[in-house]
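A short write-up of the structure that comes next.
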Number of protein chains: 2
Amino acid sequence: MPRRDHMGPPWWHGRFRGHGYRITVAREAILDVLSQTEEHLSAEDVYLTVHKSYPNVGLTTVYRTLELLVHIGLVFKFDFGDGRARYELSEGPKGTRHHHHLVCTNCGRVIDYTDFIDDEIELLGRAEKGLSDKFNFRITNHLIQFYGLCDRCQKKT
Amino acid sequence: MPRRDHMGPPWWHGRFRGHGYRITVAREAILDVLSQTEEHLSAEDVYLTVHKSYPNVGLTTVYRTLELLVHIGLVFKFDFGDGRARYELSEGPKGTRHHHHLVCTNCGRVIDYTDFIDDEIELLGRAEKGLSDKFNFRITNHLIQFYGLCDRCQKKT
DNA sequence: ATGATAATGGAAACCATTTTCAATAGCAAT
DNA sequence: ATTGCTATTGAAAATGGTTTCCATTATCAT
């Protein structure tokens, strides 16, 4: 049940058209699920949620759509080390805040944080410029992740 | 053919014993392969190389040993997005230089860089402290990766 | 040398993701 | 609305890196 807030076509339609992609029910539903959550959903998570409203949307389509969304930069794909990829909207109408992840290597818990992001962004900006100059590499994206033990897992030791 | 440079037991024996792990031919061979290369080897890569000198070491053991090495912090495990994990010695007798990766999202090429590392390390230090204070998270490791198009792949467009 | 048990390897299992392919649906042009 | 071209889809099968099983072997403290 995609919602439009009574405001005409969703904000991402233009982005789709620009790439020559068609707008389909499955794609609307998947994008809707992603924009509705704060979690780091796996392909199967997305599939299960979409499946409630659209039982005829298959897992294959979810994988294909997520890949497409990553490709056009609407979605970030993460690997938290548990053997399945996780997906997150990279931006939204409300302008999802840029954040990074803290991954517990024991229980797999993932904490989003936005602290220090400003410093990081500044550093990344400098590094990106330097690296693209030196290696003639056109940087489009970056990943920062911290690993360690969350509070709960420290106690268990 | 593990080499000792005529200097008594390899530097990592202590690390093994400290964790209660036994020292075996397979483990020596695997560690040797890792310390002999500058590349980002996959488990299979390691297996194939080890296999030349020790045909009786199985792929399963390679996976198990690599996991063990990651666990005790001797090896870093990376995901460059090509569906197979890559392994790198985290430190060595010579003190392998800390570096990060530049991953080409088109051809998969990976470039190591050490530039800006000092800035990054400084930032990471601050971030780690702040994050462990705020979330009571004991940070043991971090990952920074840049993605983009390498020079060769930019031309193709 | 001995024994307790950690480590091993080959085969089978696992499981997230991808591929195949015939059927369907989006959309520009009519 | 209708048509035609072709992108998209879903179900099932295939893929392929990684893990698990389990009987055998090797390590190392005693």
Side-chain angles (χ1 to χ4, degrees), chain A residues 2 9-10 12-31 33 40-48 50-72 75 77-87 108, chain B residues 2 9-10 12-31 33 40-72 74-75 77-87 108:
Chain A
W12 49 267
H13 275 199
R15 198 76 89 89
F16 260 65
R17 293 257 161 62
H19 283 265
Y21 294 125
R22 293 179 178 173
I23 288 157
T24 68
V25 175
R27 289 173 178 176
E28 295 216 281
I30 291 167
L31 228 10
V33 167
H40 316 99
L41 301 179
S42 66
E44 192 182 2
D45 292 336
V46 173
Y47 168 71
L48 290 175
V50 167
H51 195 262
K52 290 176 195 161
S53 313
Y54 301 89
N56 49 332
V57 170
L59 180 56
T60 305
T61 295
V62 172
Y63 272 107
R64 278 189 291 228
T65 301
L66 289 171
E67 184 192 353
L68 183 160
L69 293 172
V70 168
H71 184 246
I72 63 178
V75 163
K77 180 178 183 176
F78 294 98
D79 167 33
F80 296 141
D82 65 343
R84 57 184 57 193
R86 305 285 173 160
Y87 302 85
Chain B
W12 49 267
H13 275 199
R15 199 75 89 89
F16 260 66
R17 293 257 160 62
H19 284 266
Y21 294 125
R22 292 177 180 174
I23 289 157
T24 69
V25 174
R27 288 172 180 177
E28 295 216 282
I30 291 167
L31 229 10
V33 167
H40 317 99
L41 302 179
S42 67
E44 192 181 4
D45 291 336
V46 173
Y47 168 72
L48 291 174
T49 309
V50 167
H51 195 261
K52 291 176 194 160
S53 313
Y54 302 89
N56 50 332
V57 170
L59 180 56
T60 305
T61 296
V62 172
Y63 272 107
R64 275 188 295 229
T65 301
L66 289 171
E67 183 192 354
L68 184 160
L69 294 172
V70 168
H71 183 246
I72 64 180
L74 236 45
V75 163
K77 180 179 185 179
F78 293 99
D79 166 33
F80 296 142
D82 65 343
R84 56 183 57 192
R86 305 285 173 159
Y87 301 85

- Query: About how many Å separate CG of B/Leu41 and CG of B/Leu66, when rounded to the nearest 0.5 Å?
  - Reply: 9.0 Å
- Message: To the nearest 0.5 Å, what is the distance between CG on A/Leu31 and CH2 on A/Trp12?
- Response: 5.0 Å
- Task: Not counting sequence neighbours, list each pair that qualifies as a salt bridge (charged side-chain N to carboxylate O under 4.0 Å, His left out) and has a residue in residues 51-67 of chain A.
- Result: none
- Just jot down the side chain to side chain donor-acceptor pair (under 3.5 Å) partners of B/Ser42, sequence neighbours excluded, or say none. B/Asp45
- Message: Categorize B/Arg27 for me: base, sugar-phosphate, or nothing, with a 4.0 angstrom heavy-atom threshold over every strand shown.
- Response: sugar-phosphate
- Task: Could I get the full list of side-chain contact (heavy atoms from CB on, under 4.5 Å) partners for A/Asp82, not counting sequence neighbours?
- Result: A/Arg84, A/Arg86
- Residue set satisfying salt bridge (charged side-chain N to carboxylate O under 4.0 Å, His left out) with B/Arg17, at least two apart, ordered chain then number -> none
- Query: Tell me, which of residues 16-23 of chain A have any heavy atom that sits under 4.0 Å from an atom in DNA chain D?
  - Reply: A/Tyr21, A/Arg22
- 5'-most by nearest nucleotide on DNA chain D - B/Tyr87 or A/Pro55: A/Pro55
- Item | For A/Leu68, side-chain contact (heavy atoms from CB on, under 4.5 Å) partners two or more places apart | A/Phe16, A/Tyr21, A/Arg27, A/Ile72
- Message: Under the rule for salt bridge (charged side-chain N to carboxylate O under 4.0 Å, His left out), what residues qualify as partners of A/Arg15, not counting sequence neighbours?
- Response: A/Glu91
- Note on the structure: d(A/Ile30 CD1, A/Thr61 OG1) to nearest 0.5 Å is 6.5 Å
- Contact interval (first through last nucleotide) of DNA chain C with protein chain A, 4.0 Å heavy-atom: C/dA16 to C/dC27
- Task: Give the C-alpha distance, both sets of side-chain angles, the deciding distance and a yes or no for ring-ring contact (aromatic ring centres under 6.0 Å, His included) between A/Phe78 and A/His40.
- Result: CA-CA 8 Å; A/Phe78 294 98; A/His40 316 99; 7.3 Å; no
- Query: Taking 5' to 3' order, which nucleotide of DNA chain D is first and which is last to have an atom within less than 4.0 Å of a heavy atom in chain A?
  - Reply: D/dT6 to D/dA12
- Does B/Val75 have any side-chain contact (heavy atoms from CB on, under 4.5 Å) partners at least two apart in sequence or in another chain, and if so, which? B/Leu34, B/Leu69, B/Val70, B/Tyr87, B/Leu89
- Query: For the helix from C/dA1-D/dT30 to C/dT30-D/dA1, what angle lies between the axis at the first five pairs and the axis at the last five pairs, to 10 degrees?
  - Reply: 50°
- Item | Gap between atom CD of B/Glu28 and atom OG1 of B/Thr65 - 0.5 Å precision | 11.5 Å
- Assert: residue with more 5' nearest nucleotide on DNA chain C, out of A/Tyr63 and B/Thr60, is B/Thr60
- Message: List the residues meeting side-chain contact (heavy atoms from CB on, under 4.5 Å) with A/Tyr47, not counting sequence neighbours, and say none if there are none.
- Response: A/His51, A/Leu59, A/Val62
